[in-house]
Amino acid sequence: MFLIFYLSALAAFELQRLVGRYAPSNVLARQIRAHGGIHAVIAAPIVAGANVVCAGLAVHLGGEPRPLWLNVLIVLFVWNGMKFIGLTLRSIVDVVLRGRGHAGTAGPGVQL
(Lines give C-alpha, C1' and ligand atoms only; values in the text may rest on other atoms or scores of the structure.)
Protein backbone atom coordinates (compact mmCIF):
# COMPACT_ATOMS: atom_id res chain seq x y z
CA MET A 1 0.00 0.00 0.00
CA PHE A 2 2.79 2.41 0.89
CA LEU A 3 4.60 1.56 -2.35
CA ILE A 4 1.55 2.53 -4.43
CA PHE A 5 1.27 5.86 -2.57
CA TYR A 6 5.00 6.50 -2.96
CA LEU A 7 5.01 5.74 -6.70
CA SER A 8 1.93 7.87 -7.36
CA ALA A 9 3.41 10.80 -5.39
CA LEU A 10 6.69 10.41 -7.26
CA ALA A 11 4.87 10.41 -10.60
CA ALA A 12 2.88 13.51 -9.59
CA PHE A 13 6.03 15.39 -8.57
CA GLU A 14 7.78 14.51 -11.84
CA LEU A 15 4.76 15.55 -13.88
CA GLN A 16 4.58 18.88 -12.04
CA ARG A 17 8.28 19.45 -12.65
CA LEU A 18 7.94 18.72 -16.37
CA VAL A 19 4.85 20.89 -16.78
CA GLY A 20 6.48 23.69 -14.80
CA ARG A 21 9.52 23.62 -17.04
CA TYR A 22 8.07 23.04 -20.51
CA ALA A 23 4.46 24.34 -20.55
CA PRO A 24 4.26 27.36 -22.89
CA SER A 25 2.53 29.62 -20.37
CA ASN A 26 5.13 28.83 -17.70
CA VAL A 27 7.95 29.54 -20.16
CA LEU A 28 6.33 32.88 -21.01
CA ALA A 29 5.86 33.71 -17.31
CA ARG A 30 9.54 32.93 -16.66
CA GLN A 31 10.57 35.21 -19.53
CA ILE A 32 8.38 38.04 -18.24
CA ARG A 33 9.77 37.62 -14.71
CA ALA A 34 13.35 37.52 -16.00
CA HIS A 35 13.05 40.85 -17.80
CA GLY A 36 11.13 42.45 -14.95
CA GLY A 37 10.53 46.15 -14.58
CA ILE A 38 8.10 48.02 -16.76
CA HIS A 39 8.27 45.26 -19.40
CA ALA A 40 6.53 42.89 -17.01
CA VAL A 41 3.96 45.50 -16.05
CA ILE A 42 3.08 45.92 -19.73
CA ALA A 43 3.32 42.33 -20.98
CA ALA A 44 1.62 40.39 -18.18
CA PRO A 45 -1.78 42.14 -18.31
CA ILE A 46 -1.87 41.77 -22.09
CA VAL A 47 -1.40 38.02 -21.79
CA ALA A 48 -3.88 37.84 -18.89
CA GLY A 49 -6.49 39.73 -20.89
CA ALA A 50 -5.98 37.49 -23.90
CA ASN A 51 -6.52 34.40 -21.75
CA VAL A 52 -9.68 35.79 -20.19
CA VAL A 53 -11.07 36.80 -23.60
CA CYS A 54 -10.31 33.34 -25.01
CA ALA A 55 -12.09 31.73 -22.04
CA GLY A 56 -15.12 33.94 -22.62
CA LEU A 57 -15.17 33.14 -26.33
CA ALA A 58 -14.91 29.42 -25.63
CA VAL A 59 -17.83 29.61 -23.19
CA HIS A 60 -19.94 31.68 -25.56
CA LEU A 61 -19.22 29.77 -28.77
CA GLY A 62 -19.28 26.33 -27.21
CA GLY A 63 -23.02 26.10 -26.81
CA GLU A 64 -24.75 24.46 -23.87
CA PRO A 65 -23.84 20.77 -24.14
CA ARG A 66 -20.10 21.44 -24.35
CA PRO A 67 -17.71 18.56 -24.93
CA LEU A 68 -15.29 17.69 -22.13
CA TRP A 69 -12.22 18.91 -24.02
CA LEU A 70 -13.77 22.39 -24.33
CA ASN A 71 -14.44 22.51 -20.59
CA VAL A 72 -10.81 21.58 -19.95
CA LEU A 73 -9.71 24.32 -22.35
CA ILE A 74 -11.89 26.88 -20.55
CA VAL A 75 -10.41 25.91 -17.19
CA LEU A 76 -6.91 26.18 -18.69
CA PHE A 77 -7.62 29.67 -20.05
CA VAL A 78 -9.04 30.85 -16.72
CA TRP A 79 -6.12 29.36 -14.78
CA ASN A 80 -3.55 31.02 -17.03
CA GLY A 81 -5.44 34.31 -16.83
CA MET A 82 -5.33 34.19 -13.02
CA LYS A 83 -1.65 33.28 -13.14
CA PHE A 84 -0.80 36.29 -15.30
CA ILE A 85 -3.01 38.62 -13.22
CA GLY A 86 -0.98 37.56 -10.19
CA LEU A 87 2.22 38.12 -12.15
CA THR A 88 0.96 41.60 -13.08
CA LEU A 89 0.30 42.50 -9.44
CA ARG A 90 3.69 41.13 -8.40
CA SER A 91 5.42 43.12 -11.15
CA ILE A 92 3.67 46.35 -10.13
CA VAL A 93 4.70 45.86 -6.50
CA ASP A 94 8.28 45.12 -7.58
CA VAL A 95 8.45 48.28 -9.71
CA VAL A 96 7.02 50.43 -6.91
CA LEU A 97 9.34 48.98 -4.26
CA ARG A 98 12.37 49.18 -6.54
CA GLY A 99 11.58 52.81 -7.36
CA ARG A 100 11.09 53.69 -3.71
CA GLY A 101 14.34 52.00 -2.69
CA HIS A 102 16.44 53.96 -5.19
CA ALA A 103 14.93 57.38 -4.53
CA GLY A 104 17.53 59.89 -3.41
CA THR A 105 20.61 57.95 -4.52
CA ALA A 106 22.74 58.72 -7.53
CA GLY A 107 24.89 55.62 -7.43
CA PRO A 108 27.52 53.99 -5.26
CA GLY A 109 29.68 56.50 -3.40
CA VAL A 110 27.89 59.58 -4.79
CA GLN A 111 26.33 62.01 -2.30
CA LEU A 112 23.41 64.20 -3.29
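In what follows, residues are counted from 1 in the order of the sequence shown. Because the structure is a prediction, the values reported are computed rather than measured.
Test V47, V41, I32, I92 against L87 for side chain to side chain contact (heavy atoms under 4.5 Å, CB included) and you get one pass: I32.
Annotation: the span from R90 atom CZ to T88 atom OG1 amounts to 11.5 Å, rounded to 0.5 Å. Taking CZ from R33 and OG from S91, the interatomic distance works out to 8.5 Å, rounded to the nearest 0.5 Å. To the nearest 0.5 angstrom, C54 atom SG is 10.5 Å from L61 atom CG.
Ring geometry for F5 versus F2: interplanar angle of 30 to 60°, hence tilted.
Other residues, nucleotides and ligands contribute more than 12 heavy atoms inside 6.0 Å of the CG atom of L7.
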**Item:** Derivation of the side chain to side chain contact (heavy atoms under 4.5 Å, CB included) call for V93 and L97
**Value:** CA-CA 6 Å; V93 169; L97 291 179; 3.8 Å; yes
**Asked** Given F84 and S25, is the side chain to side chain contact (heavy atoms under 4.5 Å, CB included) satisfied, shown in steps?
**Response** CA-CA 9 Å; F84 283 102; S25 65; 4.2 Å; yes
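Under the 4.5 Å side-chain heavy-atom criterion for Ile, Leu, Val, Met, Phe, Trp and Tyr, L57 and W79 are members of distinct hydrophobic clusters. Cluster membership for V75 and F77, using ILVMFWY side-chain heavy atoms within less than 4.5 angstrom, is not shared. Hydrophobic clustering (side-chain heavy atoms under 4.5 Å, transitive across Ile, Leu, Val, Met, Phe, Trp, Tyr) groups L10 together with L3.
Using a 3.5 Å distance cut-off with no hydrogens or angles, the side chains of N51 and K83 do not pair a donor with an acceptor.
Residue G81 comes nearest to V52 through the heavy atom pair CA-CG2, 4.4 Å, listed as atom of the first residue, atom of the second, then distance. For R21 against V27, the heavy-atom pair with the smallest separation is O-CG2, 3.6 Å.
Between the side chain of N26 and the main chain of V19, a donor-acceptor pair closer than 3.5 Å is present.
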